[in-house]
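Presented below is the structure to which this report refers.
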Amino acid sequence: MGDEVRVRFAPSPTGLPHIGNIRTALFNWLFARHHGGRFIVRIEDTDQDRLVPGASDAVLDALDWLGLQWDEGPTVDGPHAPYYQSKRLDAYRETADKLLAGGFAYRCFCTEERLEQLRKEQSQSKDRQGYDRRCRSLSDAERESLESQGGPSVVRFAMPVSGVTSVDDVIHGQVAWQNELLDDFVLLKSDGFPTYHLAVVTDDHLMNITHVLRAEEWLPSTPRHLQIYQALEIEPPQFGHLPMILGPDRAKLSKRHGATAAGEYRDDGFLPEAMLNFMALLGWSLDDKTEIMDSGILTEKFSLERINKSAAVFDLEKLVWMNGVYIRQLPVPDLAERLLPFLERELPPSLLPVDWDYLLKIVPLIHERIKLLADAAHLTSYFFEEELDYEARALVQKGMGPGDVPPALEAAREELDRAAELKHEPLEQSLRAVAAAAELKPRQFFGLLRVAITGREVSPPLFETMEVLGKERVLSRIDAAIGRFQAAGQAIN
RNA sequence: GGCGCGUUCGUCUAGAGGCCCAGGACACCGCCCUCUCAAGGCGGAGAUCGCGGGUUCGAAUCCCGCACGCGCUACCA
């Protein structure tokens with residue numbers, strides 16, 4: 001029982017979850033799954049001032065979307081509930097009391113004003129930063145007097161003033177700090193809520209966490225946590241500090257880097273599978289060539305030993321590429337199903353609802369061309385539109401004169417009208433013959449038809465497109481093209 | 001300022017003394033395929049392995065120093 005791996009993802013709901021947060025969740029999840037352990041989600045909502053409504057649901061949604069099921073946490077429950085720190089205040093107070101009783105912590109009555117003043121002076125004099133420990137040496141009488149005044153107070157940890165605290169980080173190896181350089185940080189705030197330091201240690205212990213895998217920005221506070229464990233005579237978990245994920249400017253990922261909220265990637269049409277695969281490669285690798293790995297392979301192969309030490313820049317272009325890879329791997333009906341909500345969202349209401357059987361015929365044509373699900377409407381709109389919108393002059397292909405257009409369209413129309421139904425193979429054969437008879441290069445003739453039939457200069461293969469559109473639509477579009485061209489008249493020259 | 005971490009192609013990375021005058025992928029360029037665009041195939045350009053010293057017959061890999069970047073330095077996490 002004591003051998004079971006137990007890890008946790010502990011987001012604080014102070015903003016929408018970004019790639020960095022989610023990647024941390026992913027590594028914890030992979031590690032747990034790899035070892036058949038438990039993955040716990042705990043919401044660290046101890047800062048009442050910075051709480052963002054809806055943020056914790058957004059985190060949970062993101063995990064859900066990616067399929068990172070948690071074994072204990074909000075909505076799942078478990079032996080260590082509740083999993084919101086704001087509901088575990090008693091536990092923290094208990095730890096604080098223990099520390100107080102053991103002489104490892106003390107009450108501090110310094111006002112915020114004094115602290116601010118202190119900081120100001122220190123920054124000017126280049127002195128050692130941090131709390132000056134004024135309340136640490138209060139006599140009993142002084143303390144009682146201060147206490148009786150009933151003013152607000154906090155509980156601070158009494159850091160050893162000598163010695164060294166070191167951690168054997170599973171990713172970074174040995175890291176050590178001089179205790180004298182660490183200050184007496186706050187454990188319990190005056191509003192009765194714990195700081196991060198008190199809360200993590202308390203909960204990680206209570207929840208039997210075996211490995212703390214968190215972002216590297218936490219490395220500097222690890223000695224504090226270790227000191228608390230030591231004071232409490234508790235065996236600390238293993239620590240592993242994950243490399244950070246940076247924006248293109250190499251700064252810690254934040255709002256100004258564009259789509260950083262995980263939910264935005266879903267809205268842009270990224271597949272959760274691609275997202276998962278891509279994030280796993282941000283700071284971890286299997287070998288020198290394998291990149292495409294589904295969650296099964298990932299959980300099988302994941303190991304802490306292969307996690308990088310250095311930060312990684314988030315490369316959106318590569319994510320887009322990988323999304324394309326995953327899209328191409330999807331069976332057509334599956335892709336169609338995922339595309340549907342995007343079409344419903346972005347196609348004009350007048351073109352809805354989308355006919356499912358028709359969609360199933362369209363999807364193969366864009367299958368290897370679409371990289372983001374959200375591009376579906378743009379890529380397929382001409383399949384749904386009644387009337388196309390394009391410039392008449394676009395019909396005139398390179399090397400052709402305007403006078404070549406009407407006869408070419410007429411000839412195509414005539415040929416198409418002969419067929420009972422449009423099938424791409426015979427269609428190609430017969431239209432090539434028409435092109436030759438009209439003394440037009442395939443490129444010109446088909447380019448012209450492409451504009452007439454799709455309104456675009458770029459589209460999936462013409463003949464397959466015509467087959468999907470059907471004879472009726474194709475003929476009427478050619479008619480429309482002839483009309484449009486005539487209406488434009490002299491303007492073409 | 002102090003403390004800590006980090007440093008291999010633009011980016012993600014492989015590399016744990018000779019296999020590396022450094023391999024893969026994205027992006028970029030060219031060619032092929034071709035009705036356009038993709039996808040695919042082939043090829044190219046791109047990293048004096050941050051810099052300087054050592055150690056060694058031999059260093060991207062070990063040691064020291066420096067530089068630079070980032071993080072922390074709150075009654076925020």
Side-chain angles (χ1 to χ4, degrees), chain A residues 10-15 44-47 49-50 108 110-112 115-116 119 122-131 152-156 169 171-172 175-178 181-183 185-191 193-197 199-200 214-223 241 243-244 246 248 250-252 278 281-292 306 308-322 324 328 365-371 379 397 428 431-432 435 441-451 454 456-463:
Chain A
S12 75
T14 54
E44 311 225 318
D45 54 349
T46 54
D47 186 347
D49 296 334
R50 296 204 313 152
C108 169
C110 292
T111 61
E112 301 211 36
L115 260 20
E116 198 166 320
R119 265 194 294 278
Q122 285 177 335
S123 70
Q124 275 167 11
S125 68
K126 289 180 184 171
D127 251 3
R128 176 182 164 280
Q129 301 286 304
Y131 179 58
S153 68
V154 300
V155 174
R156 285 184 185 273
D169 189 277
I171 292 163
H172 294 275
V175 182
W177 294 265
Q178 296 288 332
L181 266 12
L182 272 13
D183 75 341
F185 59 96
V186 172
L187 290 165
L188 207 55
K189 303 184 248 186
S190 57
D191 63 0
F193 277 74
T195 59
Y196 173 81
H197 310 297
V200 248
R214 70 219 316 186
E216 192 183 321
E217 60 205 85
W218 291 112
L219 188 52
S221 51
T222 305
H241 289 88
M244 305 221 298
L246 275 20
R250 303 208 128 266
K252 194 171 159 182
F278 182 74
L281 260 18
L282 246 31
W284 178 85
S285 64
L286 174 60
D287 54 31
D288 58 342
K289 38 192 58 120
T290 315
E291 294 203 298
I292 303 300
R306 292 198 62 85
N308 259 194
K309 288 179 173 66
S310 53
V313 172
F314 178 72
D315 181 9
L316 187 64
E317 283 192 78
K318 188 158 183 173
L319 206 211
V320 171
W321 163 77
M322 194 173 280
R328 276 172 247 132
L365 299 187
I366 61 165
H367 203 162
E368 61 187 27
R369 281 165 247 274
I370 187 168
K371 292 212 168 83
L379 251 29
Q397 301 297 298
E428 173 159 9
L431 286 176
R432 277 188 190 280
K441 292 187 190 314
R443 183 188 192 87
Q444 296 172 318
F445 186 54
F446 299 146
L448 160 61
L449 281 181
R450 165 169 288 111
V451 172
T454 67
R456 312 270 178 92
E457 292 180 39
V458 169
S459 82
L462 227 208
F463 313 108

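Heavy atoms only: backbone and side chains are in, while hydrogens, waters and symmetry mates are out. Chain identifiers are assigned alphabetically (A, B, ...) following the order of the sequence lines, protein sequences preceding nucleic acid strands; residue numbering begins at 1 within each chain.
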Check your understanding: So what's U34(B) paired with, Watson-Crick or G-U wobble, going by both distances under 3.5 Å?
Key -> none
Check your understanding: Given the P atoms of C32(B) and C21(B), what is the spacing between them in whole Å?
Key -> 34 Å
Study note, to complete from the structure: In Watson-Crick or G-U wobble terms, with both distances under 3.5 Å, the base opposite U55(B) is none
Revision key, fill the gap. For A39(B), the nucleotide meeting Watson-Crick or G-U wobble distances (both under 3.5 Å) is none
Review point. What is the distance from OH of Y131(A) to P of A74(B), rounded to the nearest Å?
Key: 14 Å
Point to revise | Pairwise P distance, G18(B) and A22(B) [rounded to whole Å] | key: 16 Å
Review point. Across the strands shown, which category fits V313(A) at heavy-atom distances under 4.0 angstrom: base, sugar-phosphate, nothing?
Key: sugar-phosphate
Check your understanding: Does K189(A) make a side-chain N or O approach to OP1 or OP2 of C76(B) shorter than 4.0 Å?
Key -> yes
Practice item. Report the base-pairing partner of G17(B) (Watson-Crick or G-U wobble, both distances below 3.5 angstrom), or none. Key: none
Point to revise | Nearest-Å distance for atom pair CG/P, residues D191(A) and C76(B) | key: 7 Å
Practice item. Report the distance from atom CG of D288(A) to atom C1' of C12(B), rounded to the nearest whole Å. Key: 14 Å
Review point. Taking any strand in view, what nucleotide pairs with C3(B) in a Watson-Crick or G-U wobble way, both distances under 3.5 Å?
Key: G71(B)
**Study point:** Under-4.0 Å side-chain N/O to phosphate OP1/OP2 contact, H367(A) with A39(B)
**Key:** no
Review point. Any side-chain N or O of R156(A) less than 4.0 Å from the OP1 or OP2 oxygen of C75(B)?
Key: yes
Practice item. Have a look at L449(A) and say if it touches a base, only the backbone sugar-phosphate, or nothing, with a 4.0 Å heavy-atom cut-off. Key: nothing
**Study point:** Check: C35(B) base within 3.5 Å donor-acceptor of R443(A) side chain
**Key:** no
**Study point:** Whole-Å gap separating P (C5(B)) and CG (L246(A))
**Key:** 18 Å
Revision key, fill the gap. Paired with H241(A), the side chain to side chain donor-acceptor pair (under 3.5 Å) test is passed by just one of R214(A), H172(A), E216(A), namely R214(A)
Check your understanding: When all nucleic acid strands are considered with a 4.0 Å heavy-atom cut-off, which category describes N308(A): base, sugar-phosphate, or nothing?
Key -> sugar-phosphate
**Study point:** Phosphate contact (C75(B) OP1 or OP2) by T195(A) side-chain N/O below 4.0 Å
**Key:** no
Study note, to complete from the structure: Taken to the nearest whole Å, CG/L188(A) to C1'/A74(B) is 16 Å
Check your understanding: Say you pick atom C1' in C33(B) and the same atom in G40(B); how far apart are they, in whole Å?
Key -> 8 Å
Practice item. Using a cut-off of 6.0 Å, state whether more than 12 heavy atoms not belonging to K441(A) lie near its atom NZ. Key: no
Review point. What's the CG-P distance between D47(A) and A74(B), to the nearest Å?
Key: 15 Å
Exercise for review: Please report, rounded to the nearest Å, how far the C1' atom of C37(B) is from the CZ atom of R328(A).
Suggested key: 13 Å
Check your understanding: When all nucleic acid strands are considered with a 4.0 Å heavy-atom cut-off, which category describes R456(A): base, sugar-phosphate, or nothing?
Key -> nothing
**Study point:** Donor-acceptor pair present, R450(A) side chain and C35(B) base, under 3.5 Å
**Key:** yes
Practice item. State whether the side chain of T195(A) and the backbone N or O of L188(A) hold a donor-acceptor pair below 3.5 Å, judged by distance alone. Key: no
Revision key, fill the gap. Partner of U11(B) under the Watson-Crick or G-U wobble criteria, both distances under 3.5 Å, comes out as A25(B)
Exercise for review: Could you state the atom-to-atom distance from CH2 of W284(A) to C1' of U13(B) in whole Å?
Suggested key: 12 Å
Check your understanding: If you measure from the P atom in C57(B) to the same atom in A14(B), how many Å do you get, rounded?
Key -> 31 Å
Exercise for review: Kindly point out which of C76(B), A74(B), C35(B) is positioned nearest to the side chain of R119(A)?
Suggested key: A74(B)
